[in-house]
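Worksheet: one structure, shown below.
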There are 2 protein chains.
Amino acid sequence: MLSEGTRSVHLYTVLLGLGFRYKLLPDGRRQILNYLLPGDLIGLQSSLMGEMQHSVEALSPMLLCVFQRSQLPELYRNYPGLAFDITWIAAREEQMLDENLLSIGRRTALERTAYLIAFVAARALAAGYSLQPKMELPLTQQHIADTLGLSLVHTNKTIRKLVERNLVRWLERGCEVVDLDGLMAVAGWEGLFEGRRPLV
Amino acid sequence: MLSEGTRSVHLYTVLLGLGFRYKLLPDGRRQILNYLLPGDLIGLQSSLMGEMQHSVEALSPMLLCVFQRSQLPELYRNYPGLAFDITWIAAREEQMLDENLLSIGRRTALERTAYLIAFVAARALAAGYSLQPKMELPLTQQHIADTLGLSLVHTNKTIRKLVERNLVRWLERGCEVVDLDGLMAVAGWEGLFEGRRPLV
DNA sequence: CGTACACTTGAGTAGGATCAATTGAAGTGG
DNA sequence: CCACTTCAATTGATCCTACTCAAGTGTACG
């Protein structure tokens, strides 16, 4: 979809769908940085700094709202409330990256896997999707492996453990969240923190 | 210094010194998220969202510039240029976290260690410190371990390899960068990307 | 019907963790 | 000034988590 190093791309808001941001090492190793859900911004880095240092790919058809990069200064001048919202979203992204870093750096494979599935599910709920009748996340095990810094094989074996414990089910190309609280307990994760967005 | 969960702290700009942001797991495992150098912001998350989800600690005496949290809305209304700068700094922090995530998730212990030392050194250079006569980073091996998601023992053994290759020297409580380019080569790291900061 | 992709499982290996013990420098208090 | 503690770094030995290699299943698709 969008590749690293691209210049002058616009700023987008995700309205619908699921995608992810990632980086590659020269030899092909891939690290998924975060997932993109409705309400997220795409391209803030490139809008501000001229070049995107990561790539973006869609997992399901995405509906985006385009915002001209050249209008950003004008927005900051005339719509301080929107400018504030942009900063707010950037700070929230930072917060999520902090949590992901903690996860990859210090959680065990089982904790990490539980955390990731719970995290994406919680974000989907916060974005308005429903757990009922069932919440299905359209991820392959390769995506999960590349998010967690694990190998595909070990990711598979770890997911099997979560399935055995009846916390998730695995469908073709995606996982179904059976017990969100159980996943959070395994991960030792408190859930998303979303302070009230202050009005300016 | 500042602890997770603290409310209503102000927004600070680092003028001088070195510190770091970190998160803890309930059982004490620690993950260092990023280092704080002159030009960085402290407390943006709490200023915007009401609560800080990480802690902050100083590695050397720090000089901060305080900004009243309550004045933030006013700043956004009357000083769009400064508001833009805040967003720019937030986007740069996001970029650094992306790179750290790639490192912890996908680089080997040796690559990671080389990357981290090169990264902090490059940031120090960018912040105006000098490599000459020698650049000394006031970190313990425990800090490095907690940044890289490695154990202390393995971090020590990995650093020894870098010392053997004459890329760094280890002093009491801190490391001296001998060959920055060599470290970057080992890490497969291109260096800091800093696009021009646009004026609004 | 063949190919591609995602998932699964077993076997062997290795990178990094844990445990344990030692050294050396830097306080601190008697 | 010297015993005593503390903190950081170091090193060896052993263990185990997660990696790699390899083979096989099931489903979708042209």
Side-chain angles (χ1 to χ4, degrees), chain A residues 18 20 25 27-32 57-60 103-117 136-165 167-176 186-187, chain B residues 18 20 25 27-32 57-60 103-117 136-165 167-176 186-187:
Chain A
L18 180 66
F20 62 93
L25 248 18
D27 64 3
R29 283 175 282 177
R30 178 175 74 167
Q31 177 64 41
I32 294 182
E57 217 175 285
L59 285 166
S60 68
S103 206
I104 298 189
R106 289 303 183 204
R107 281 193 244 250
T108 65
L110 190 70
E111 290 168 348
R112 259 186 256 191
T113 309
Y115 161 72
L116 176 63
I117 295 172
E136 191 177 332
L137 307 173
L139 303 172
T140 67
Q141 298 189 357
Q142 185 68 64
H143 290 122
I144 294 185
D146 285 348
T147 310
L148 300 178
L150 297 172
S151 71
L152 176 59
V153 172
H154 195 64
T155 299
N156 178 283
K157 287 170 182 169
T158 306
I159 289 175
R160 298 272 102 238
K161 287 184 190 169
L162 294 177
V163 171
E164 279 164 29
R165 295 193 193 185
L167 299 171
V168 302
R169 257 196 290 270
W170 199 267
L171 320 170
E172 336 77 75
R173 202 172 207 297
C175 93
E176 178 190 336
V186 169
Chain B
L18 181 65
F20 62 93
L25 248 18
D27 64 2
R29 283 175 282 177
R30 178 174 75 167
Q31 177 64 42
I32 294 182
E57 217 176 287
L59 284 167
S60 69
S103 206
I104 298 188
R106 289 303 183 203
R107 281 194 243 250
T108 65
L110 190 71
E111 289 168 349
R112 260 186 255 191
T113 309
Y115 161 73
L116 177 63
I117 296 173
E136 191 178 333
L137 307 173
L139 303 172
T140 67
Q141 297 188 359
Q142 186 67 65
H143 290 121
I144 295 185
D146 285 348
T147 311
L148 300 177
L150 297 172
S151 71
L152 176 59
V153 173
H154 195 64
T155 299
N156 178 283
K157 288 169 182 168
T158 307
I159 289 174
R160 300 271 99 238
K161 287 184 190 169
L162 294 177
V163 171
E164 279 164 30
R165 295 193 193 187
L167 299 171
V168 302
R169 257 196 291 270
W170 198 268
L171 322 169
E172 336 76 75
R173 202 176 208 295
C175 93
E176 178 189 337
V186 169

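Bear in mind the structure is a predicted one, so any value in this text is a computation, not a measurement. First the proteins, then the strands, lettered A, B, ... as listed; each starts at 1.
In this structure, A:Ser151 reaches the bases: a heavy-atom distance under 4.0 Å links it to at least one base atom across the strands shown.
Whole-Å rounding puts the A:Leu150 CG to D:dC16 C1' distance at 15 Å. For the pair A:Lys157 NZ and C:dG12 C1', the interatomic distance rounds to 11 Å; values are reported in whole Å. Distance CZ (B:Arg106) to P (D:dC19): 8 Å, rounded to an integer number of Å. In this structure, the CG atom of A:Leu152 is 13 Å from the P atom of D:dC21, given to the nearest Å. Separating the CD atom of B:Glu172 from the C1' atom of C:dT23 is a distance of 14 Å, rounded to the nearest angstrom. Per the geometry, CH2 belonging to A:Trp170 stands 17 Å off C1' belonging to D:dT25, to the nearest Å. Protein atom NE2 of A:His154 is 17 Å distant from nucleotide atom P of C:dA11, rounded to whole Å.
With A:Gln141 as reference, A:Asn156 is the one residue of A:Asn156, A:Thr158, A:Thr155 to meet the side-chain hydrogen bond (donor to acceptor under 3.5 Å, both in side chains) rule.
Here A:Arg173 does not reach the OP1 or OP2 of C:dC7: none of its side-chain N or O atoms lies under 4.0 Å away. Of the side-chain N and O atoms in B:Asn156, none sit less than 4.0 angstrom from OP1 or OP2 of D:dA9. Listed pair B:Gln141 / D:dC7 fails the phosphate criterion, with no side-chain N or O lying under 4.0 Å from OP1 or OP2.
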